Number of protein chains: 2
Amino acid sequence: MEKEELVFKNYLVSHGLKYTPERKIVFDAIISFSGHFDADTLYESIRRNKGKLSRATVYRALPHFIATGIVKESLRFEGRTHYEKSLGTEHHDHLVCLGCGKIIEFKDEKIEELQNKVCKKYSFKALDHKLGIRGYCKTCQKK
Amino acid sequence: MEKEELVFKNYLVSHGLKYTPERKIVFDAIISFSGHFDADTLYESIRRNKGKLSRATVYRALPHFIATGIVKESLRFEGRTHYEKSLGTEHHDHLVCLGCGKIIEFKDEKIEELQNKVCKKYSFKALDHKLGIRGYCKTCQKK
DNA sequence: ATTGAAATTGAGAATCAATCTCATCAATAA
DNA sequence: TTATTGATGAGATTGATTCTCAATTTCAAT
Ligand SMILES: [Zn+2]
Ligand SMILES: [Zn+2]
Ligand SMILES: [Zn+2]
Ligand SMILES: [Zn+2]
């Protein structure tokens with residue numbers, strides 16, 4: 001069993017939960033993804049490749065993956081929550097193109113530091129943050 | 001008629017739309033708010049103070065207020081979109097307490113500048129952005 | 001191998017914000 | 001007046017997400 005899978009299994013077991021075949025199917029599907037995805041994309045890809053699994057099982061599994069740090073909520077748009085793998089991926093923020101839907105990831109250390117400063121100023125204990133900049137990508141500006 | 005009201009009326013008229021009594025009711029309710037609100041809060045406050053108005057009318061009016069810059073989407077949490085007045089309010093970002101729901105507003109010029117730099121780097125034309133930091137406020141940390 | 005408590009699952013129902021439908025109403029222009 | 005166009009209310013609808021509950025599975029202890 002790979003490291004990530006162990007992380008997940010250990011999380012489950014230590015919380016009195018079980019590493020079931022269904023959760024392994026979801027795990028495999030998530031690992032096979034690169035980039036961003038939403039719950040339905042995940043569900044459909046599982047149905048296509050591994051046969052049937054209830055939509056509810058996918059929705060129920062997601063919080064566990066988030067709790068272990070394997071998956072992160074990335075952005076909300078088009079009425080859905082979008083996720084992304086976060087194991088083996090550094091934290092980053094997003095530029096979202098309103099024209100073509102393209103997502104550009106970036107990370108700026110200075111912005112991160114300044115956020116910490118802001119939190120200190122307000123005695124605020126930060127857990128996470130999301131910075132999303134909406135606009136138009138290079139390609140879409142020409143139209 | 002006040003300045004903001006004229007801005008709104010002009011926007012409507014110049015778009016072939018009408019400044020109806022219902023839209024004025026929504027306008028007044030929004031102006032009377034301070035702080036953040038969601039569509040339902042707005043709707044309920046109108047019902048309480050001004051009597052009946054369809055929920056659909058509130059939802060239909062919101063995009064017009066956003067288009068004129070009177071209202072801005074501020075953050076999404078608790079499954080709803082939250083808005084805030086943006087006339088007479090400077091741009092700012094948010095710290096959201098997961099414990100008590102308190103929202104702290106802040107603005108850091110340096111962060112804003114660095115965002116512009118990021119956009120330049122990617123030839124990205126930004127329209128707006130949202131930075132939301134989730135965590136626990138001073139009070140809630142003690143529990 | 002058997003048992004039983006506790007967790008999990010599937011299927012569909014329920015929820016909830018947000019949008020849409022449509023018949024009716026209001027404003028304006030011809 | 002009549003036609004046109006936009007606006008409204010009430011409720012239906014959508015679509016994502018969550019919940020319900022009976023049936024099944026897991027797993028540790030017999
Ligand atoms: Zn684009
Ligand atoms: Zn990303
Ligand atoms: Zn708090
Ligand atoms: Zn604010």
Side-chain angles (χ1 to χ4, degrees), chain A residues 1 5 8-30 36-47 50-68 71-84 101, chain B residues 8-30 36-47 50-68 71-84 101:
Chain A
M1 203 179 295
E5 202 172 346
F8 186 50
K9 186 182 174 183
N10 288 339
Y11 162 82
L12 291 174
V13 171
S14 71
H15 285 257
L17 308 172
K18 289 161 188 172
Y19 190 40
T20 63
E22 289 81 6
R23 284 173 177 159
K24 174 157 178 48
I25 288 173
V26 180
F27 175 86
D28 289 341
I30 287 172
H36 304 92
F37 60 91
D38 58 55
D40 207 58
T41 305
L42 178 56
Y43 170 69
E44 288 299 345
S45 103
I46 289 170
R47 296 228 90 172
K50 326 248 179 178
K52 59 186 301 189
L53 188 69
S54 169
R55 186 174 255 108
T57 300
V58 172
Y59 273 103
R60 281 190 287 233
L62 273 169
H64 298 313
F65 287 104
I66 290 171
T68 57
V71 166
K72 237 182 357 196
E73 279 189 25
S74 71
L75 270 184
R76 180 163 181 109
F77 66 100
E78 290 167 343
R80 272 160 285 143
T81 301
H82 292 247
Y83 304 88
E84 64 185 298
Chain B
F8 185 50
K9 186 182 175 183
N10 288 340
Y11 162 83
L12 291 173
V13 172
S14 71
H15 286 257
L17 307 172
K18 291 162 188 171
Y19 190 40
T20 63
E22 289 80 7
R23 283 173 178 160
K24 173 157 178 48
I25 288 172
V26 179
F27 175 86
D28 289 340
I30 288 173
H36 305 91
F37 60 91
D38 58 55
D40 206 58
T41 304
L42 178 57
Y43 170 69
E44 289 298 345
S45 103
I46 289 171
R47 296 228 91 174
K50 327 249 179 177
K52 58 188 301 189
L53 187 70
S54 169
R55 187 174 253 110
T57 299
V58 173
Y59 272 103
R60 281 190 286 234
L62 274 169
H64 298 313
F65 287 104
I66 291 171
T68 59
V71 166
K72 235 180 2 192
E73 280 188 23
S74 71
L75 267 186
R76 183 166 177 106
F77 67 100
E78 290 167 345
R80 271 161 285 144
T81 301
H82 292 246
Y83 304 88
E84 64 186 298

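Treat the numbers as computed from the prediction; the structure is a model and nothing was measured.
Between C/dA18 and B/Tyr59, a contact under 4.0 Å exists linking OP1 or OP2 to a side-chain N or O.
Distance B/Ile25 CD1 to D/dG9 C1': 13 Å, rounded to the nearest Å. Rounded to whole Å, atom P of C/dT9 lies 14 Å from atom OH of A/Tyr43. Taking atom CD of B/Glu78 as the reference point, atom P of C/dA18 lies 12 Å away to the nearest angstrom. Taking atom NZ of B/Lys9 as the reference point, atom P of D/dG6 lies 18 Å away to the nearest angstrom. When rounded to the nearest whole Å, the span between CZ of A/Arg23 and P of D/dT25 equals 15 Å. In this structure, the CG atom of B/Asp38 is 14 Å from the P atom of C/dC16, given to the nearest Å. Atom P of nucleotide C/dT28 and atom CG of B/Leu12 are separated by 13 Å, given to the nearest angstrom.
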Below 3.5 Å between N/O atoms, which protein atoms pair up with nucleotides 10-13 of chain C? Just atom names and distances, please.
unit_1, atom_1, unit_2, atom_2, d
C/dG10, OP2, A/Ser54, N, 3.2
C/dG10, OP2, A/Thr57, OG1, 2.1
C/dG10, N7, A/Arg60, NH2, 2.8
C/dG10, O6, A/Arg60, NH1, 3.3
C/dA11, OP1, A/Lys52, NZ, 2.9

Can you name the atoms? Protein N/O to nucleotides 26-30 of chain D N/O, anything below 3.5 Å, with the distance.
unit_1, atom_1, unit_2, atom_2, d
D/dT26, O2, A/Lys18, NZ, 3.0

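Remark: A/Lys50 engages no residue in a salt bridge (Lys or Arg N to Asp or Glu O under 4.0 Å) (not counting sequence neighbours). With sequence neighbours excluded, no residue forms a side chain to side chain donor-acceptor pair (under 3.5 Å) with B/Asn10. Remark: B/Leu12 engages B/Phe8, B/Leu17, B/Tyr19, B/Arg23, B/His64 in a side-chain contact (heavy atoms from CB on, under 4.5 Å) (not counting sequence neighbours). In this structure A/Ala67 satisfies the side-chain contact (heavy atoms from CB on, under 4.5 Å) test together with A/Tyr11, sequence neighbours excluded. B/Lys18 pairs by the side chain to side chain donor-acceptor pair (under 3.5 Å) definition with nothing, not counting sequence neighbours. Under the side-chain contact (heavy atoms from CB on, under 4.5 Å) criterion, A/Thr81 pairs with A/Glu73, A/Arg76, A/Tyr83, sequence neighbours left out. Residues passing the side-chain contact (heavy atoms from CB on, under 4.5 Å) test with B/Asp40, sequence neighbours excluded: B/Asp38, B/Tyr43, B/Glu44, B/Arg55. The side chain to side chain donor-acceptor pair (under 3.5 Å) test applied to A/His15 returns no partner, not counting sequence neighbours. Scanning for ring-ring contact (aromatic ring centres under 6.0 Å, His included) contacts around B/Phe37 gives B/Phe33, with sequence neighbours left out.
Looking only at side-chain heavy atoms (C-beta outward), B/Thr57 and B/Ile25 stay at 4.5 Å or farther from each other.
Over its full length, the helix from C/dA1-D/dT30 to C/dA30-D/dT1 turns its helical axis through 10°, comparing axes from the five pairs at each end and rounding to 10°.
The distance from atom NE2 of B/His36 to atom CD of B/Glu84, rounded to the nearest 0.5 Å, is 3.5 Å.
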